[in-house]
Amino acid sequence: MGNSCTVHAVRRRSRDRHKRLTATNTHHSIHEGIKTVVAENFCESSSNVPVLCMCIVTWNMNGKVSSEDFVELIGGNRNFDLFVVGLQEVPRHNVARLLKAILVDTHRLVGEAIMQSLQLFVFGQKNSDLSTKVKVEKHSIGGFGGLIGRKKGAVTISLSFKGVHMQFTSCHLSAHTRNVEERNLEWRYICHALLSNRNPYARPPHITVWLGDLNYRIQGIETSPARSLIQKNLHKTLTSKDQLLREAERGQIFNGYCEGTLAFKPTYKYNVGSSDYDTSYKGRVPSWTDRILFKIEESADIDVALRSYESVDSIDSSDHKPVRAHLCLKINNPQSNFPLRNQVL
């Protein structure tokens with residue numbers, strides 16, 4: 001598992017450590033794994049230091065939809081600059097219309113990326129200074145997730161807001177415990193495609209966010225002892241068996257990314273209509289398949305605070321629980337470091 005970091009020191013420590021490793025290991029591959037970030041309970045804000053706060057949500061809908069679920073998914077707090085909603089296994093329904101209706105009084109849709117059942121939406125506050133240069137990308141990795149129309153791959157939205165260049169990628173990777181290397185390859189393919197499509201004269205994003213059903217599983221423990229630990233509220237001990245953290249530690253994926261502490265219970269697989277884990281004959285080991293990770297560009301003078309990282313357990317219409325994060329960016333020296341309003345994304 002990655003090193004624990006206090007949230008405001010994530011960017012500085014990552015940069016300093018990278019420089020030290022580069023100087024001493026020029027002939028060896030360098031990887032840091034995923035840095036675990038402890039969520040705070042407040043946002044720093046002042047008139048002199050701009051703060052950009054966003055609510056990020058990922059949910060595998062399992063082909064079902066209801067307006068009540070979306071109200072619960074968004075939550076009651078509308079005091080966010082951005083709402084970012086990534087959905088997988090979306091049914092043939094106008095989800096954008098439902099989200100617009102929920103946020104109609106406070107936010108407007110500024111970007112959407114739809115590839116069959118894989119969908120991503122970004123909403124910004126009404127009358128806010130949002131860039132009109134929104135870039136959308138789609139990357140299919142083939143397959144149908146077992147059912148026709150349930151697409152695997154990734155969709156990406158890039159935009160600038162308050163001078164900050166942001167990139168959000170929502171993905172749905174291959175399923176099943178045994179396919180860990182396939183997921184690694186899919187992640188690397190999507191990363192390569194994003195880099196290949198980037199304007200060579202444009203700077204990299206100041207912040208990159210990955211969200212979605214990454215499908216990495218808990219491995220190395222049977223389902224009964226795993227569920228026993230969860231029932232005893234000891235699920236944090238299962239993080240050492242989490243494939244995503246293991247593969248990142250090996251340097252295979254998500255090098256230098258951050259993620260909140262997995263303090264919530266594994267989000268998959270539930271019996272639909274309940275908060276009970278899978279009671280079918282397969283008896284799947286509960287896993288944190290649904291994740292939100294972020295990375296700050298080293299040259300960006302930004303401090304990041306993770307206010308919360310949680311599952312939305314009250315929603316039970318899917319076999320997945322949604323995951324929600326509250327991220328705040330403190331923009332240091334915005335005038336000199338973020339002249340991006342006319343930059344091509």
Side-chain angles (χ1 to χ4, degrees), residues 34 54 56-63 73 84-90 95 111-122 135-147 149-159 166-177 179-198 205 207-217 242-248 252-260 262 266-269 287-295 309 311 318-325 327:
I34 294 171
M54 61 185 84
I56 304 167
V57 179
T58 182
W59 185 28
N60 183 319
M61 298 175 64
N62 193 32
L73 188 72
V84 181
V85 182
L87 304 170
Q88 307 84 45
E89 296 193 13
V90 181
V95 170
E112 63 179 337
I114 297 176
M115 186 171 68
Q116 294 184 21
S117 63
L118 184 56
Q119 304 184 11
L120 176 64
F121 306 94
V122 177
K135 183 177 180 180
V136 173
E137 299 178 70
K138 305 174 185 180
H139 305 285
S140 173
I141 54 177
F144 299 97
L147 292 173
R150 297 192 178 185
K151 198 73 169 176
K152 295 289 173 63
V155 291
T156 296
I157 296 176
S158 301
L159 54 83
M166 296 170 282
Q167 181 174 282
F168 302 99
T169 297
S170 177
C171 69
H172 192 185
L173 305 184
S174 290
H176 307 303
T177 303
N179 290 331
V180 60
E181 184 54 36
E182 185 174 348
R183 287 187 281 276
N184 292 349
L185 291 171
E186 291 167 353
W187 182 84
R188 290 195 288 267
Y189 166 78
I190 295 166
C191 287
H192 176 74
L194 291 173
L195 289 172
S196 299
N197 292 342
R198 184 175 297 166
I207 179 169
T208 302
V209 180
W210 276 74
L211 58 148
D213 181 1
L214 277 68
N215 253 323
Y216 286 91
R217 308 302 176 93
D242 177 73
Q243 288 179 339
L244 179 62
L245 296 177
R246 282 181 172 181
E247 294 304 300
Q252 300 299 303
I253 52 173
F254 287 106
N255 181 38
Y257 276 77
C258 300
E259 183 185 22
L262 294 172
T267 55
Y268 175 84
K269 176 180 170 73
S287 299
W288 287 287
T289 56
D290 311 278
R291 312 287 275 268
I292 300 171
L293 303 101
F294 60 94
K295 184 177 184 179
Y309 189 43
S311 59
S318 171
D319 53 356
H320 291 251
K321 298 295 185 183
V323 172
R324 186 166 57 204
L327 270 181

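The model shown is predicted, which means the values in this text are computed figures rather than measured ones.
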- Task: Compare all side-chain heavy atoms of Val95 with those of Phe121 and state whether any distance is below 4.5 angstrom.
- Result: yes
For Arg217 and Ala175, the nearest pair of non-hydrogen atoms, with its separation, is NH2-CB, 3.7 Å
Quiz item: Taking C-beta and beyond as the side chain, do His172 and Asn60 meet within less than 4.5 Å on heavy atoms?
Solution: yes
- Message: Between Tyr216 and Asn184, is there a side-chain heavy-atom distance shorter than 4.5 Å?
- Response: yes
Note to self: Does any part of the side chain of Leu118, heavy atoms only, come nearer than 4.5 Å to the side chain of Lys138, both counted from C-beta?
What the structure shows: no
side-chain contact (heavy atoms from CB on, under 4.5 Å) with Val84: of Val57, Leu120, Leu327, Val209, only one passes, and it is Leu120
Nearest heavy-atom approach of Ala113 to Thr156 is CB-O, 4.2 Å
Value for OG (Ser287) from CG (Leu244), rounded to nearest 0.5 Å, stands at 11.5 Å
If we only count heavy atoms from C-beta on, is the Thr267 to Arg291 side-chain gap below 4.5 Å? no
Residues passing the salt bridge (Lys or Arg N to Asp or Glu O under 4.0 Å) test with Glu181, sequence neighbours excluded, are Arg188
| task | Could you walk me through whether Gln119 and Ser170 pass the side-chain hydrogen bond (donor to acceptor under 3.5 Å, both in side chains) test, one step at a time? | result | CA-CA 8 Å; Gln119 304 184 11; Ser170 177; over 6 Å; no
Only one of Gln252, Glu247, Gln243 passes side chain to side chain donor-acceptor pair (under 3.5 Å) with Arg183, and that residue is Gln243
*asked:* Are the side chains of Lys269 and Thr289 in contact, using a 4.5 Å heavy-atom criterion?
replied: no
The ring-ring contact (aromatic ring centres under 6.0 Å, His included) partners of Phe254 (sequence neighbours excluded) come to Trp187, Trp210, Tyr257
Item to complete: Check whether any side-chain heavy atom of Ser174 sits under 4.5 Å from a side-chain heavy atom of Asn215, and report yes or no.
Response: no
Taken in chain and number order and not counting sequence neighbours, the residues that satisfy salt bridge (Lys or Arg N to Asp or Glu O under 4.0 Å) with Glu186 are none
